[in-house]
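Okay, so here's the structure we're looking at.
Chain A is the first sequence line, chain B the second, and so forth, proteins listed ahead of strands; every chain is numbered from 1.
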There are 2 protein chains.
Amino acid sequence: MDKLINGRRYTETEQGPRFAPCAPHSVLARLGDKWTILVMSHLAVAPGHQLRFSTLKSGIEGITQRMLTLTLRNLERDGLLIRHYFPEVPPRVEYELTEMGAGMLPALEGFTSWIRDNWPRIEDCRRAYDEARR
Amino acid sequence: MDKLINGRRYTETEQGPRFAPCAPHSVLARLGDKWTILVMSHLAVAPGHQLRFSTLKSGIEGITQRMLTLTLRNLERDGLLIRHYFPEVPPRVEYELTEMGAGMLPALEGFTSWIRDNWPRIEDCRRAYDEARR
DNA sequence: CTGGATCCACCTCGATACTG
DNA sequence: CAGTATCGAGGTGGATCCAG
């Protein structure tokens, strides 16, 4: 039978614990890419968890059209947001967090708040490490 | 003054919220790389949060020496683990979570448990999405 | 306005060989 | 045992141009 530790499924073997195929990695890899967290953050604070493409683009400094499109497609594919297309002229597209997308925010917040609290220390460690081998 | 939302610092501007330089991204990008989560998970369940290089290597299926070394170096650089070198023959090296590394586990657990709960639904969404455009 | 298509630089990771 | 060095394939992201 599988046990649970730190939110990860694993089974005991003679060679030690063997973790189940890494679902967390698949999600963390997405959140770890260059723009996803920023897009999620903007939608999180938006009224109705809903924003236009152009609003996102101008709100996220440095993002290109291409990367915003790709990031939104990936989030849509995972079911974390929905794309609402309005066939007007000029066309308008709204992106809205799904229930699941919004449900992810509290969990993510717990983790990002730890990062915020420990960030200065991490930066110090990196500096010290780099310093030591120069 | 900065406000906080979902664990992210940001300031209000006329163009909407502008998030502070992305510290979460830097950490999530590391956790999102291919092996980091697996290394952390193994150290998390190890007695004393401590394991040898060879134990990690044989415990993590498919990892190469090179990638394990790189992953460990990065975690060491961030101050999440310490490297203990014993100059014996043959040499022995133990890796141990630091206080900060261990302190990250509960925060990470909250997030990975959300992932675990929602993973089936995410997989369904991906399948449906891919199906729809085939 | 929204985004598709193309081209390219870089980075990550895997495979392999070698060392104290 | 625990690495380092090197090479190469593939993927990610940036720049630019075009289209409905």
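Residue B:Lys57 has no polar side-chain atom (N or O) positioned under 4.0 Å from OP1 or OP2 of D:dG3. For B:Arg73 and D:dT4, the shortest distance from a side-chain N or O to OP1 or OP2 is below 4.0 Å. The phosphate of C:dT2 (OP1 or OP2) has a side-chain N or O of A:Ser54 nearer than 4.0 angstrom. B:Tyr85 has no side-chain polar atom (N or O) that falls below the 4.0 Å cut-off from OP1 or OP2 of C:dG20.
If A:Gln65 and B:Glu94 are placed on DNA chain D by their nearest nucleotide, the residue sitting closer to the 5' end is B:Glu94.
Set against D:dC1, C:dG4, D:dG3, the side chain of B:Pro91 has D:dC1 as its closest nucleotide.
Using modelled atom types, no side-chain atom of B:Asn74 and backbone atom of B:Arg77 make a donor-acceptor pair closer than 3.5 Å.
The CG-C1' distance, from B:Leu70 to C:dC13, rounds to 9 Å in whole Å. Following rounding to the nearest Å, B:Phe53 (CZ) and D:dC1 (P) show an atom-to-atom distance of 11 Å. In this structure, B:Ile63 places its CD1 atom 12 Å from P of C:dA15, rounding to the nearest Å. Between B:Phe86 atom CZ and D:dC1 atom P the separation is 16 Å, expressed in whole Å.
Under the side-chain contact (heavy atoms from CB on, under 4.5 Å) test applied with A:Leu43, the options A:Leu51, A:Leu80, A:Leu38 reduce to a single match, A:Leu51.
B:Arg66 contributes a side-chain N or O that forms a donor-acceptor pair with the base of C:dG14 under 3.5 Å.
The shortest distance between side-chain heavy atoms of A:Leu108 and B:Trp114 does not fall below 4.5 Å.
A tilted orientation is assigned to the rings of B:Tyr95 and B:Phe53, their planes being inclined by 30° to 60°.
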